[in-house]
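Working notes for the structure below.
Please read all numbers here as calculations on a predicted model, not as lab measurements. Note: hydrogens, waters and symmetry copies are ignored here, and every other heavy atom, side chains too, is used.
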Amino acid sequence: MTRGRLTDNERSQVMDRILDAAKRCFASRGVEPTEMHHIAAEAEVSRETLYQYFPDRDALQAAYSQRQALEVAAEAFSTIHPDDPLDRQLVEVVMAVLRAVRSDSVLAERFRSDNVGAAVAFAHRSEVVRGIAETFFVELSRDAQEAAAAWILRVVVAFLIMPAVDERYERLLLERFVAPAFAGTRRLTWR
């Protein structure tokens, strides 16, 4: 019996299975040595099916990175305490994002210092900006939310591309030069 078209839910499940397989392959083989046929085999799908979802390796890596970025953001936001001042929340989220990205081989690859153009392009396409805006800057206009979130994202990208000496020093830089913009306030204003 021939099966009809997949439902959106079934397509989503296949995509997740492929991306989960990619994660396992990247972890076990490394990002560069992993080939599409490795991922297809790990996901238990045909190469034809894999290419229906992802036309090439770049598309698959971009989808994987985007999904991981959303997971990183969710994890980072879960580290904050709602009663803490906004400046402290931002420092904690940025530090959590830096740790999480650096510990993920595919995301870390996106932010190599010799890969600045790709890092910036990925960061601008990422849902993370919207997540930052919606989480921290809810009382601002939509344009102001996006501008504030884009500024925080630039800080994150700068630390990923040009890491400081150690995590302690990165925290110090954030506390001295980023947090003061939000110190002592839970309500932001835009001019």
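Proximity of Phe159 to Leu173: side-chain heavy atoms (C-beta onward) are separated by under 4.5 Å at one or more points. No side-chain heavy atom of Arg17 sits less than 4.5 Å from a side-chain heavy atom of Tyr53. Between Leu160 and Leu98 the shortest side-chain heavy-atom distance falls below 4.5 Å. Looking at Met15 and Phe54, their side chains come closer than 4.5 Å, going by heavy atoms from C-beta outward.
Across Leu6 and Val14, no two heavy atoms sit closer than the pair CD1-CG2, 4.4 Å. Annotation for Ala108 and Arg102: closest pair CB-O, 4.1 Å, computed over non-hydrogen atoms. Across Ser113 and Ile161, no two heavy atoms sit closer than the pair CB-O, 3.4 Å. Smallest separation of non-hydrogen atoms from Tyr169 and Val165: CD2-N, 4.2 Å.
By the side-chain hydrogen bond (donor to acceptor under 3.5 Å, both in side chains) test, Ser65 is found to be paired with Arg110, residues two or more places apart in sequence or in another chain being considered. Every residue two or more places apart in sequence or in another chain that forms a ring-ring contact (aromatic ring centres under 6.0 Å, His included) with Phe26 is listed here: Tyr64. With sequence neighbours left out, Arg88 forms a salt bridge (Lys or Arg N to Asp or Glu O under 4.0 Å) with Asp84. Under the rule for a side-chain hydrogen bond (donor to acceptor under 3.5 Å, both in side chains), the partners of Thr49 that lie at least two apart in sequence or sit in another chain are Ser46. Partners of Asp114 according to the salt bridge (Lys or Arg N to Asp or Glu O under 4.0 Å) rule, which considers only residues two or more places apart in sequence or in another chain, are Arg112. Applying the side chain to side chain contact (heavy atoms under 4.5 Å, CB included) test to Arg57 and every residue at least two apart in sequence or in another chain returns Val31, Glu32, Met36, Gln61. Applying the salt bridge (Lys or Arg N to Asp or Glu O under 4.0 Å) criterion to Arg29, with sequence neighbours excluded, gives no partner residue. Scored by the salt bridge (Lys or Arg N to Asp or Glu O under 4.0 Å) test, Arg99 finds Glu167 as partners (sequence neighbours excluded). In this structure Glu42 satisfies the side chain to side chain contact (heavy atoms under 4.5 Å, CB included) test together with Ala21, Arg24, Cys25, sequence neighbours excluded. By the side-chain hydrogen bond (donor to acceptor under 3.5 Å, both in side chains) test, Asp20 pairs with Arg67, sequence neighbours left out. Judged as a side-chain hydrogen bond (donor to acceptor under 3.5 Å, both in side chains), and not counting sequence neighbours, the contacts of Glu35 are His37.
Here Ile80 contributes atom CD1 and Glu92 contributes atom CD; the two are 9.5 Å apart, rounded to the nearest 0.5 Å. Note that CD of Glu170 is 12.0 Å distant from CD of Glu175, once rounded to the nearest 0.5 Å. We find the CG-CG distance between Leu19 and Leu60 to be 6.0 Å, quoted to the nearest 0.5 Å.
In Glu75, the CD atom is not crowded: 12 or fewer heavy atoms of neighbouring residues, nucleotides or ligands sit closer than 6.0 Å.
Listed by first and then second residue, the salt bridge (charged side-chain N to carboxylate O under 4.0 Å, His left out) pairs that reach into residues 149-161 come to none, sequence neighbours excluded.
Of the residues Val94, Asp87, Ile152, Val91, the one that meets the side-chain contact (heavy atoms from CB on, under 4.5 Å) test with Val178 is Ile152.
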Passes side-chain contact (heavy atoms from CB on, under 4.5 Å), Asp104 versus Val72? Steps please.
CA-CA 10 Å; Asp104 183 289; Val72 163; 5.9 Å; no
